[in-house]
There are 2 protein chains.
Amino acid sequence: MTTDDIKSKLIERGLKVTPQRMAILEAIYSLKNHPTAENIIDYILKKHPNIATGTVYKVLGVLVENQLIKKVTTEKDIMRYDGIMESHHHLYCMESDVIKDYVDVELDELLQKYFEKKNLPGFKIEDIVLQLKGTFDNR
Amino acid sequence: MTTDDIKSKLIERGLKVTPQRMAILEAIYSLKNHPTAENIIDYILKKHPNIATGTVYKVLGVLVENQLIKKVTTEKDIMRYDGIMESHHHLYCMESDVIKDYVDVELDELLQKYFEKKNLPGFKIEDIVLQLKGTFDNR
DNA sequence: CAGTAATTGAGAATCATTCTCTTTTAGGAA
DNA sequence: TTCCTAAAAGAGAATGATTCTCAATTACTG
């Protein structure tokens, strides 16, 4: 993911390209494990000492609205963010709060077929998120 | 769900039976739509004008730890609570924040079988929660 | 019914997030 | 390129959910 790639993503959505938005997107792509706003701020401060906390939250909101990133919720009351927009699920470790991406095309197809047959009356599904809660055995 | 039923649940878990815990559990069972702590406090204040906010949060934490209730997360940063412990999923309406329970034994079996075969290396699944995000058509 | 550890109340403290308002800036137009 | 304007960012106060502290109260044990 180059700087130009990131810039293109913003332009595609009709968003102005600002250094702050570039830096925040770059941070989300670099930081693994679904960073919190705080993680992102810490990361960015190295290169942009003057970025305001409020700006980070504002930009994150804009990026979510424009579907460049996703919010990820856990049972902790801190929001986390995910830069991967392809369909995937999450393995959530309740002990360590680690969230691992879980891509499973076969499962997605299975679920899609299942819900095509079993129509949910009055509800239009837009996204199916499977949260697999558990613990990582080994390290 | 009678008062005695609720009391039994507390005793089963080895928890002391206090009026506050009784009232909070009763509130969660009565309030539909996965109440927030605030919803619960409002509900309880009618009968228990002196209950402290902090107590409600503390009790909610204890009830979650003891598996009498579950936390439910949405993209809003307010925690919601669920008194139904049987396996079920959620239809989450992104427009109205309504959360409807979705019980589907067939789906649970399908998922269970699927993950029995497809072993996830290094991860022990304890709970599978499907969040179906979308919108309710009518109403 | 007394003793004790657990629980609660009251309110301050914390911490993530939002808001307000002023200043700055990106990007289109001249 | 330079100008213009709406959009974005900065600074820091405000908000609001949740947690913490500590003294007073209470549920259960014996």
Side-chain angles (χ1 to χ4, degrees), chain A residues 3-4 6-27 34-45 47-66 68-69 71-81 97, chain B residues 3-4 6-27 34-45 47-66 68-69 71-81 97:
Chain A
T3 302
D4 278 348
I6 295 176
K7 187 184 280 189
S8 303
K9 282 176 183 287
L10 288 170
I11 293 172
E12 271 172 31
R13 306 288 162 158
L15 296 172
K16 286 192 183 172
V17 177
T18 67
Q20 293 82 353
R21 285 173 177 177
M22 294 289 292
I24 289 166
L25 266 179
E26 201 267 315
H34 309 78
T36 62
E38 201 194 346
N39 296 151
I40 295 166
I41 292 167
D42 289 346
Y43 180 92
I44 289 177
L45 280 183
K47 295 199 172 173
H48 299 75
N50 294 324
I51 202 162
T53 316
T55 299
V56 174
Y57 281 100
K58 185 120 39 80
V59 168
L60 287 171
V62 169
L63 297 177
V64 170
E65 277 169 31
N66 287 276
L68 288 172
I69 62 173
K71 287 185 171 185
V72 178
T73 54
T74 70
E75 296 199 353
K76 299 284 161 61
D77 65 345
I78 305 175
M79 194 59 69
R80 295 168 70 167
Y81 297 90
D97 277 329
Chain B
T3 301
D4 278 349
I6 296 176
K7 186 183 281 189
S8 302
K9 282 176 183 288
L10 289 169
I11 292 173
E12 269 170 33
R13 305 291 162 156
L15 296 173
K16 285 191 182 173
V17 176
T18 68
Q20 293 84 351
R21 285 173 177 175
M22 292 291 290
I24 289 166
L25 266 179
E26 201 267 314
H34 309 78
T36 62
E38 202 193 346
N39 296 150
I40 294 166
I41 291 166
D42 288 347
Y43 180 92
I44 288 177
L45 280 182
K47 296 201 172 172
H48 299 75
N50 295 324
I51 201 162
T53 316
T55 299
V56 173
Y57 281 101
K58 186 121 37 81
V59 168
L60 287 171
V62 169
L63 296 178
V64 170
E65 277 168 31
N66 287 275
L68 288 172
I69 63 174
K71 286 185 171 185
V72 178
T73 54
T74 71
E75 296 199 353
K76 300 285 161 60
D77 65 345
I78 304 177
M79 194 59 71
R80 295 168 70 167
Y81 296 89
D97 277 330

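Order of the sequence lines fixes the chain letters, A, B, ..., with proteins taken first and strands second; residue numbering starts at 1 for each chain. Side-chain atoms are counted along with the backbone in the values below, which use heavy atoms only and exclude waters and symmetry mates.
The side chain of A:Lys16 approaches D:dA7 more closely than any other nucleotide in the set D:dA7, C:dA10, D:dC28. The listed nucleotides are D:dG10, C:dT17, D:dT18; the one nearest the side chain of A:Ala52 is D:dG10. Comparing D:dC28, C:dT17, C:dG9 against the side chain of B:Thr55 picks out C:dG9 as the nearest.
For A:Leu10 and D:dA8, the CG to P distance is 11 Å, given to the nearest whole Å. If you measure from atom CZ of A:Arg21 to atom P of C:dA26, you get 11 Å, rounded to the nearest angstrom. The distance from atom CD1 of B:Ile41 to atom P of D:dG16 is 14 Å, rounded to the nearest whole Å. Atom pair A:Glu75:CD and D:dT19:P shows a separation of 12 Å (rounding to whole Å applied). To the nearest angstrom, C1' of C:dT24 lies 12 Å from NZ of A:Lys58. Rounded to whole angstrom, the span from the CD1 atom of A:Ile51 across to the P atom of C:dT25 amounts to 13 Å. Computed from coordinates, the B:Ile44 CD1 to C:dT8 P distance equals 11 Å when rounded to whole Å. Remark: C1' of D:dT15 and CD1 of B:Ile78 are 12 Å apart, rounded to the nearest angstrom.
Between B:Ile24 and B:Val56, the shortest heavy-atom distance links the atoms CD1-CA, 3.8 Å. When all heavy atoms of A:Leu10 and A:Arg21 are compared, the closest pair comes out as CD1-CB, 4.0 Å. Contact detail for A:Tyr43 and A:Ala27: the closest heavy-atom pair is CD2-CB, 3.4 Å. The two residues B:His48 and B:Pro19 have their closest heavy-atom pair at NE2-O, 4.3 Å.
An OP1 or OP2 oxygen of D:dA27 is reached within less than 4.0 angstrom by no side-chain nitrogen or oxygen of B:Gln20. Contact between the side-chain N/O atoms of A:Thr18 and the OP1/OP2 oxygens of D:dA9 is found at a separation under 4.0 Å.
Each of A:Pro19 and A:Arg80 was matched to the nucleotide of DNA chain C holding its nearest heavy atom; the match closer to the 5' end belongs to A:Arg80. Residue-to-nucleotide proximity on DNA chain D shows that, of B:Val17 and B:Tyr57, the 5′-proximal contact is made by B:Tyr57. Between A:Asp77 and A:Gly54, it is A:Gly54 whose nearest contact on DNA chain D lies nearer the 5' terminus.
Backbone-only engagement by B:Val59 is indicated by non-hydrogen atom pairs under 4.0 Å involving sugar-phosphate atoms exclusively.
With B:Arg80 as reference, B:Val72 is the one residue of B:Thr73, B:Val72, B:Asn39, B:Ile40 to meet the side chain to side chain contact (heavy atoms under 4.5 Å, CB included) rule.
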